[in-house]
Colleague: 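My questions will all concern the structure given below.
Proteins come first, then strands; the chains are lettered A, B, ... in the order of their sequence lines, and each starts at number 1. Keep in mind that this is a model prediction, so the values were computed, not measured.
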Amino acid sequence: MAKELKELTSREENYSQWYNDLVGKAGLAENSSVRGCMVIKPYGYAIWEKMQRALDQMFKDTGHVNAYFPLFIPKSFFSKEAKHVEGFAKECAVVTHYRLMNDPEGKGVVVDPDAKLEEELIVRPTSETIIWNTYKGWIQSYRDLPILCNQWANVVRWEMRTRLFLRTAEFLWQEGHTAHETREEAIEEAYKMVHVYRDFAEQFMGVPVIVGHKSENERFAGAEDTLTIEALMQDGKALQSGTSHFLGQNFAKAFDVQFANRDGKLEHVWATSWGVSTRLMGALIMAHSDNNGLVLPPKLAPIQVVMIPIYKGEEELKAVVARMEEFAAELKKRGISVKIDDRDNVRSGFKFAEYELKGVPVRLAMGPRDMQNGTIEIARRDMLTKETVQQEGLADMIEGLMDEIQKNIFEKALTFRERMTTVVDDYEEFKRLLDEKGGFMLCHWDGTPETEEKIKEETKATIRCIPIDMPAEPGKCMVTGKPSAGRVLFARSY
RNA sequence: CGGGAUGUAGCGCAGUCCGGUUAGCGCGCCACGUUCGGGACGUGGAGGUCGAAGGUUCGAAUCCUUUCAUCCCGACCA
């Protein structure tokens with residue numbers, strides 16, 4: 001196996017290649033032979049599972065339950081919400097037939113023309129329509145509200161150009177769909193969930209994010225307001241990592257979902273939807289990795305500690321591994337996942353490199369010398385440092401290290417983001433910085449879609465969000481000079 | 001869908017311009033041995049018929065036509 005990762009001398013130029021290389025070599029995913037689709041390999045999926053588990057717990061803690069809705073959505077459902085169809089119609093996979101037959105000319109299998117569907121089925125690009133069609137039957141009175149459902153599912157969007165984890169034709173995600181009695185309650189839910197996403201990104205992934213509103217141009221098709229978490233990747237581009245939408249009564253009206261309110265009057269239900277996808281994997285990779293490979297935060301690492309025996313001959317191996325198993329048992333008791341790599345067909349140096357590539361947070365190496373001295377070598381993936389320590393109290397030390405590494409990875413990313421966030425007032429300066437530095441730019445904008453569009457066309461930068469915690473700061477739009485109430489966050493993005 | 005490029009062993013490539021023995025190289029893989037504190041080494045071995053189809057030719061990885069696929073740059077997007 002050619003495991004060497006390409007050295008990344010110029011991140012701006014080669015970042016895509018480097019990213020693909022890393023995703024492949026770390027064993028996370030690969031392109032499938034199926035157009036635009038991705039195979040998530042076991043190691044990559046193990047990380048995704050850890051993300052799922054943590055998120056799912058957070059959803060449950062905020063009162064949500066899981067359910068599952070159909071993969072296929074009748075075409076007519078899409079015509080009920082005008083903006084929604086505008087946003088999604090272009091990129092849908094459509095099922096038109098339900099049967100195959102042997103080719104009469106003997107050339108394999110063909111679609112049976114007699115098996116044409118009356119109404120085509122759309123493979124869900126998102127589930128608002130099918131879910132609101134279902135909710136209609138669940139809701140009669142305010143006593144039926146709120147409905148706080150989430151589903152873990154796959155969705156399909158027929159993208160022109162794909163990229164592992166960041167944009168694939170099919171991807172895995174969770175989508176929450178809630179129904180509420182009042183506007184205020186729905187808005188509160190949308191905020192609550194974007195903050196769940198923020199907490200997850202920062203506390204589990206170690207990726208600092210900016211929470212804010214999407215501008216009108218970038219808003220979800222059919223939403224009144226879209227909240228987003230925006231992360232900054234190491235190449236200076238932004239990545240939208242999760243969204244939470246306040247849908248108003250749009251879908252309730254489209255699907256005629258009304259309830260008897262406390263005054264006995266019929267009213268349309270208020271809605272939210274929110275989701276994060278396997279794109280988070282991309283964020284995780286691009287936020288922390290270095291030239292040695294992946295850097296995983298302990299909370300999401302499938303293997304938190306790897307132990308590598310150093311030895312000559314079978315006897316030494318046995319002795320070292322036996323001691324390692326004692327440590328491993330102790331660590332497992334504390335809920336730390338451990339792997340002892342006692343493979344005899346590769347040398348220890350190879351293993352070191354391999355686990356660095358896979359981003360394992362802590363590596364322990366022990367050989368005959370350590371056995372004699374009662375020591376062990378302990379290496380940190382985030383710092384690429386190693387030291388030899390006394391075996392005594394090892395478990396405590398590692399438990400502490402887990403927290404320290406988790407924190408350090410976040411701090412590093414935060415420092416990077418701060419360094420890469422610039423306050424800009426001049427449009428020419430803005431353009432120059434985009435090319436020379438990248439990152440987030442905090443700028444005044446006159447609030448019009450036209451100006452945003454113009455900036456996008458001229459610079460490829462978009463408004464990532466209007467941060468919710470930005471202080472009010474009157475100023476002048478950097479392009480038109482018209483008044484602005486506060487700065488918004490610009491960046492080039494994935 | 002527009003612009004560019006590439007398809008040769010599991011992976012990365014050379015060979016193609018200028019057609020000519022049995023299609024090469026590195027990594028990986030298999031066997032044995034020596035090694036083993038940062039990606040080991042030796043010896044032996046397996047594996048491709050050059051993306052696909054058609055054509056030109058005594059002869060095609062190489063020339064021509066068609067086609068498919070992938071990647072990059074745009075447009076679209078979580």
Side-chain angles (χ1 to χ4, degrees), chain A residues 1-6 13-17 19-21 24-25 30-37 86-92 125-126 154-175 197 214 217-221 223 226 228-231 238-245 273-283 292-293 308-314 316-317 320 342-357 363-373 375-377 379 384 386 388 456-457 460 462 464 493-494:
Chain A
M1 285 184 279
K3 276 282 168 59
E4 292 88 48
L5 205 58
K6 278 177 196 140
E13 281 168 30
N14 305 328
Y15 202 75
S16 297
Q17 254 183 315
Y19 172 85
N20 282 334
D21 202 35
K25 288 187 176 148
E30 62 191 24
N31 275 310
S32 156
S33 54
V34 181
R35 186 201 167 283
C37 292
E86 218 173 276
F88 284 104
K90 299 171 214 154
E91 50 182 35
C92 286
T126 179
N154 56 340
V155 288
V156 170
R157 297 180 189 177
W158 211 256
E159 300 291 352
M160 288 277 117
R161 232 176 106 201
T162 61
R163 209 135 129 45
L164 292 168
F165 289 119
L166 299 180
R167 191 177 304 109
T168 45
E170 178 192 9
F171 57 93
L172 305 181
W173 77 347
Q174 63 62 219
E175 46 181 327
Y197 289 153
K214 281 291 181 190
N217 285 4
E218 303 276 321
R219 196 175 291 154
F220 176 74
T226 289
T228 176
I229 53 171
E230 294 288 325
L239 183 70
Q240 177 176 318
S241 306
T243 46
S244 177
H245 314 290
S273 69
W274 28 272
V276 293
S277 69
T278 33
R279 178 175 252 205
L280 289 178
M281 293 285 293
N292 289 15
I308 296 173
I310 312 283
Y311 61 94
K312 288 177 204 156
E314 219 171 294
E316 274 185 11
L317 174 62
V320 174
D342 59 356
R343 279 179 301 170
D344 194 30
N345 58 339
V346 288
R347 310 169 110 215
S348 45
F350 182 90
K351 295 178 189 174
F352 291 173
E354 193 176 23
Y355 290 105
E356 274 166 17
L357 184 58
R363 181 186 72 230
L364 299 174
M366 190 167 67
R369 213 158 63 207
D370 295 303
M371 293 286 277
Q372 227 164 30
N373 302 340
T375 57
I376 190 159
E377 184 187 87
L384 288 170
K386 57 184 179 181
T388 300
K456 184 178 177 182
E457 261 170 39
K460 286 188 248 168
T462 50
R464 300 322 304 153
S493 74
Y494 279 97

Colleague: Does Arg347(A) contact rG37(B) through a side-chain donor or acceptor facing the base, at a distance under 3.5 Å?
Modeller: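 Donor-acceptor pair under 3.5 Å: no.
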Colleague: Do Lys386(A) and rG38(B) have a side chain to base donor-acceptor pair shorter than 3.5 Å?
Modeller: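 Result: at least one qualifying N/O pair found.
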Colleague: Base, sugar-phosphate, or nothing: which does Lys214(A) touch, judged by heavy atoms less than 4.0 Å apart?
Modeller: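 Counting heavy atoms under 4.0 Å across all strands, no contact is made by Lys214(A).
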Colleague: Who does rU49(B) pair with, Watson-Crick or G-U, both distances under 3.5 Å?
Modeller: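 Here rU49(B) is not engaged in any pair, so there is no nucleotide opposite it.
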Colleague: Checking contacts here: which listed nucleotide (rG37(B), rG39(B), rC77(B)) is nearest the side-chain heavy atoms of Asp370(A)?
Modeller: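 Of the candidates, rG37(B) comes closest.
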Colleague: Applying the Watson-Crick and G-U wobble criteria at under 3.5 Å, what pairs with rU6(B)? Answer none if nothing qualifies.
Modeller: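 Base partner found: rA69(B).
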Colleague: Take Phe220(A) and Tyr311(A), find for each the nucleotide of RNA chain B with the closest heavy atom, and name the residue whose nucleotide sits nearer the 5' end.
Modeller: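 Upstream on the strand: Tyr311(A).
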Colleague: Base, sugar-phosphate, or nothing: which does Arg163(A) touch, judged by heavy atoms less than 4.0 Å apart?
Modeller: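 No contact.
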Colleague: Where each residue is assigned the nucleotide of RNA chain B containing its nearest heavy atom, which of Arg167(A) and Glu356(A) is assigned the position nearer the 5′ end?
Modeller: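 First, find each residue's nearest nucleotide; the 5'-ward one identifies Glu356(A).
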Colleague: With both distances kept under 3.5 Å, what pairs with rC58(B), Watson-Crick or G-U wobble?
Modeller: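 rG20(B) - that is the nucleotide pairing with rC58(B), both distances being under 3.5 Å.
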Colleague: Which part of the nucleic acid, if any, lies within contact of Leu239(A), taking any heavy atom under 4.0 Å across all strands shown: a base, the sugar-phosphate backbone alone, or nothing?
Modeller: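 Here Leu239(A) touches no strand at all.
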Colleague: Would you mind pulling out the nucleotide paired to rG74(B), Watson-Crick or G-U wobble, both distances under 3.5 Å?
Modeller: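 Check on rG74(B): paired to rC1(B), both distances under 3.5 Å.
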Colleague: So, is Asn292(A) close to the rG38(B) phosphate, meaning a side-chain N or O under 4.0 Å from OP1 or OP2?
Modeller: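 Negative; the distance criterion is not met.
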Colleague: Could you please name the partner base of rG44(B), counting Watson-Crick and G-U wobble pairs only when both distances are under 3.5 Å?
Modeller: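 Answer to the pairing question: rC30(B), which forms a Watson-Crick or G-U pair with rG44(B).
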Colleague: Taking the side chain of Lys456(A) as its heavy atoms from C-beta onward, which of rG37(B), rC76(B), rA78(B) lies nearest to it?
Modeller: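 Taking heavy atoms from C-beta onward, the closest nucleotide is rC76(B).
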Colleague: Sequence neighbours left out, what passes salt bridge (Lys or Arg N to Asp or Glu O under 4.0 Å) with Glu230(A)? Give chain and number order.
Modeller: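 With sequence neighbours excluded, Glu230(A) shows a salt bridge (Lys or Arg N to Asp or Glu O under 4.0 Å) to Lys214(A), Arg464(A), given in chain and number order.
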Colleague: Give Ser277(A) one of three labels, base, sugar-phosphate or nothing, depending on what nucleic acid heavy atoms sit under 4.0 Å from its own.
Modeller: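 Touches a base.
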Colleague: Write down the partner of rA14(B) under the Watson-Crick or G-U wobble criteria, each distance required to be under 3.5 Å.
Modeller: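 Across all strands, not a single nucleotide pairs with rA14(B).
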Colleague: Please tell me which of the listed nucleotides, rG38(B), rC72(B), rG37(B), lies nearest to the side chain of Phe352(A)?
Modeller: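 Per side-chain heavy atoms of Phe352(A), the pick is rG38(B).
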Colleague: Which base, if any, makes a Watson-Crick or G-U wobble pair with rU35(B), both distances under 3.5 Å?
Modeller: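 Base partner found: none.
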Colleague: Base, sugar-phosphate or nothing for Thr462(A)? Non-hydrogen atoms, less than 4.0 Å.
Modeller: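 Here Thr462(A) touches no strand at all.
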